[in-house]
Amino acid sequence: MPTVVKGPIAYPYNGLAATTAGQFRVVSFNVLNYFPVGVELDLSPVSQAEYNEKKARLADAIDDLLKRPDIVAVQEVYNLAVLQDLAATLGGYTAYLQEGNDSRSIDVGYLVKDGVSVANVRQFDRTTAGCDDSGRAYDRPPLAIDVTVAGEQFTIVNNHFKSKGGSGASGACQLQQANRLRDQVAALETAGREVIVLGDLNQFEFEPPLAALQTGSSLTNLWGSAPAEFRYSSHYQGALQTLDHVLVTDGLDDAVADFRYAPISTDYADRYLTNDGHKVADHNPAVLTLSFGAAQPEVPVTVSAQSRCIAGKAYVAVSARNDHTGPVGFEVESVFGAKSFTDVAAGASGYQSFATRQVSVAAGSVTVTATGTVGGQAATTVVTADYPAINCA
């Protein structure tokens, strides 16, 4: 018998860590024909057992492999009822979906984790005439939600553009759809909102529709920031390719902590386990992790202030000790003047005695701004220290 050698891909997939404090995760996932019992799929109606297996495997993918994202934007869902059933199976999620124009009744929707603030769920261009198979602008109209996280507000737009099959290399219909969506994003930006555009856009990263989305808006495609070895979301006739994308407007650039594709669909063989999320669909989820309100590093410093009498005059003395392991700078400010110290060594102090030129002073405070590098990041800490009133008469 042949010797079985494990390949380089870990099973189960372990490429994602759970989010930490201050992080927010958004996933785009084409879940592949999530249909209810009795609806025809692959020339036969979906049985109860098939439906239960699909639901259980999707739940495993979202719960275990994707580490329960804050928002999952899904494509190819039959209706709100089945998405609500999946939300109930997961627990702690609410489903959102609005019916579109698709002849197979596949729609886009959201699973939103409890505690996440969303509002204003709406479709774009549902009844607008256009190039898609239904004669409308979109068979699956974009579905938008407004999200508030840690005081930050932005809009997510979930999309499933016209199928790439038969559309030609230029994707003329997808280009029209991209131009419409770009105009919607531009209007949101004019109104002061940041935007995340995501979904199955059925176009490669280098094709005109992706360029159109990034022309006339500040959207940037995050495809190029994904780890190069996993920069794909599907495969066709043996070729790896990317049809699923996430784009963000420039006001969210600094909040992007990580972007990657989770290859739970392309990199695994069918395992025939009824509760296994690997290869439950034919697209890899696109995973965006944002960082909002994360704690900033602080420079450790001890500050003290005292009132003193010298030759019948009042002085305010300030000491700032560097408790860090590296050099820091101090900026000491008071109503009687200011003093700067640069490259104060670890354990050393900066000291300044301010002459008030008065016989007495009321109680007050001084401010010390410490700057340095902590954990490889530039850090600034501001400390206020009080001094008592004194009379030197």
Side-chain angles (χ1 to χ4, degrees), residues 26-36 39 71-87 94-112 118-147 153-167 171-191 193-203 209-210 212-213 216-217 219 243-247 249 283 286:
V26 182
V27 168
S28 174
F29 192 7
N30 184 323
V31 297
L32 181 63
N33 297 332
Y34 180 33
F35 283 13
V39 172
I71 294 179
V72 185
V74 292
Q75 301 92 42
E76 293 200 21
V77 175
Y78 189 83
N79 59 20
L80 180 59
V82 295
L83 194 57
Q84 288 173 329
D85 196 14
L86 178 57
T94 300
Y96 298 88
L97 182 146
Q98 294 183 4
E99 292 293 335
N101 307 311
D102 189 86
S103 60
R104 296 176 59 234
S105 296
I106 56 173
D107 298 304
V108 300
Y110 293 96
L111 292 167
V112 179
V118 299
N120 196 19
V121 182
R122 74 273 192 196
Q123 289 179 324
F124 293 157
D125 288 314
R126 182 178 185 273
T127 61
T128 304
C131 60
D132 219 331
D133 295 336
S134 62
R136 306 291 175 85
Y138 304 93
D139 283 359
R140 286 90 55 175
L143 187 65
I145 56 174
D146 294 338
V147 182
Q153 295 184 340
F154 53 93
T155 298
I156 301 177
V157 187
N158 184 8
N159 304 270
H160 190 180
F161 281 8
K162 178 179 171 60
S163 172
K164 192 170 183 63
S167 62
C173 187
Q174 293 95 329
L175 181 58
Q176 291 183 39
Q177 293 173 331
N179 285 330
R180 286 186 178 279
L181 181 57
R182 184 267 323 280
D183 292 344
Q184 294 280 1
V185 172
L188 287 166
E189 286 197 275
T190 300
R193 298 195 66 86
E194 302 301 332
V195 185
I196 299 173
V197 167
L198 47 69
D200 179 358
L201 302 185
N202 273 314
Q203 287 286 283
L210 269 297
L213 280 172
S217 73
L219 285 170
L243 299 176
D244 306 80
H245 299 275
V246 178
L247 302 91
T249 51
H283 287 237

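Note: hydrogens, waters and symmetry copies are ignored here, and every other heavy atom, side chains too, is used. For the single chain, residues carry numbers from 1 onward in sequence order.
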- Message: So if I apply the side-chain contact (heavy atoms from CB on, under 4.5 Å) rule between Tyr110 and each of Val118, Val74, Ile156, which one comes out positive?
- Response: Ile156

- Message: Run the side-chain contact (heavy atoms from CB on, under 4.5 Å) test on Leu219 and Val197 for me, step by step, so that the C-alpha distance in whole Å, both residues' side-chain angles and the decisive distance to 0.1 Å come before the verdict.
- Response: CA-CA 8 Å; Leu219 285 170; Val197 167; 3.9 Å; yes

- Message: I'd like to know if the side chain of Asp132 pairs up with that of Gln177 as donor and acceptor (distance under 3.5 Å, no hydrogens or angles considered).
- Response: yes

- Item | Heavy-atom check, side chain of Leu32 versus side chain of His283, under 4.5 Å | no

- Do Leu247 and Ile196 come close enough that some side-chain heavy atom pair is under 4.5 Å? no

- Message: I'd like to know whether Lys162 forms a salt bridge (Lys or Arg N to Asp or Glu O under 4.0 Å) with Asp133, so could you lay out the CA-CA distance, the side-chain angles of the two residues, the decisive distance to 0.1 Å, and finally the verdict.
- Response: CA-CA 8 Å; Lys162 178 179 171 60; Asp133 295 336; 2.7 Å; yes

- Task: Would you check, one step at a time, whether the test side-chain contact (heavy atoms from CB on, under 4.5 Å) holds for Leu97 with Val108?
- Result: CA-CA 6 Å; Leu97 182 146; Val108 300; over 6 Å; no

- Message: Side chains of Asp146 and Gln153 only: does a donor on one sit below 3.5 Å from an acceptor on the other?
- Response: no

- Message: Between the side chains of Arg140 and Asp200, is the shortest nitrogen-to-carboxylate-oxygen separation below 4.0 Å, so that they form an ion pair?
- Response: no

- Can you find a heavy atom in the side chain of His245 that is under 4.5 Å from one in the side chain of Asn159? no

- Message: On a heavy-atom basis, which atom in Lys164 and which in Gln174 lie closest, and how many Å separate them?
- Response: CA-NE2, 3.7 Å

- Message: Under 3.5 Å, is there a donor on one side chain and an acceptor on the other for Arg104 and Asn33?
- Response: yes

- Message: Quick check: do Ile145 and Asn120 have side-chain heavy atoms less than 4.5 Å from each other?
- Response: no

- Exactly one candidate in Thr127, Thr128, Asp102 meets side-chain contact (heavy atoms from CB on, under 4.5 Å) with Arg136; the answer is Thr127

- Query: Are Ile106 and Phe35 side-chain neighbours, meaning at least one heavy-atom pair lies under 4.5 Å?
  - Reply: yes

- Task: May I ask you to test the Glu194-Thr155 pair for a side-chain heavy-atom distance under 4.5 Å?
- Result: no

- Query: Do Arg182 and Ser217 have side-chain N/O donor and acceptor atoms under 3.5 Å apart?
  - Reply: no

- What residue among Asn30, Asp107, Asn158 forms side chain to side chain donor-acceptor pair (under 3.5 Å) with Gln75? Asn158

- So Leu111 and Thr94, side-chain contact (heavy atoms from CB on, under 4.5 Å) or not? Walk me through it. CA-CA 6 Å; Leu111 292 167; Thr94 300; over 6 Å; no

- Output, in order, the C-alpha distance, side-chain angles, deciding distance and verdict of side-chain contact (heavy atoms from CB on, under 4.5 Å) for Leu181 and Phe161. CA-CA 10 Å; Leu181 181 57; Phe161 281 8; 4.0 Å; yes

- Item | Distance-minimising heavy-atom pair for Phe29 and Val72 | CB-CG1, 4.3 Å

- Item | N/O donor-acceptor pair under 3.5 Å between Asn179 side chain and Leu175 backbone | yes

- For Ala186, does its backbone N or O pair with a side-chain atom of Asp183 as donor and acceptor, under 3.5 Å? no

- Message: Does either side chain, that of Asn202 or that of Ser163, offer a donor lying less than 3.5 Å from an acceptor on the other one?
- Response: no

- Is there a donor-acceptor pair closer than 3.5 Å between any side-chain N or O of Thr249 and the backbone N or O of Val195? yes

- Task: Could you tell me whether the side chain of Asn101 reaches within less than 4.5 Å of the side chain of Pro141, counting heavy atoms only?
- Result: yes

- Look only at the side chain of Gln176 and the backbone of Gly130, and say whether a donor-acceptor pair between them is shorter than 3.5 Å. no

- Query: Would you say the side-chain atoms of Ser28 and Asp244 include a donor-acceptor pair closer than 3.5 Å?
  - Reply: no

- For Arg126 and Glu99, which heavy atoms make the closest approach, and how far apart are they? NE-O, 2.9 Å

- What pair of heavy atoms forms the shortest contact from Ala178 to Pro209, and how long is it? CB-O, 3.4 Å

- Query: Do Val157 and Leu198 have side-chain heavy atoms sitting under 4.5 Å apart?
  - Reply: no

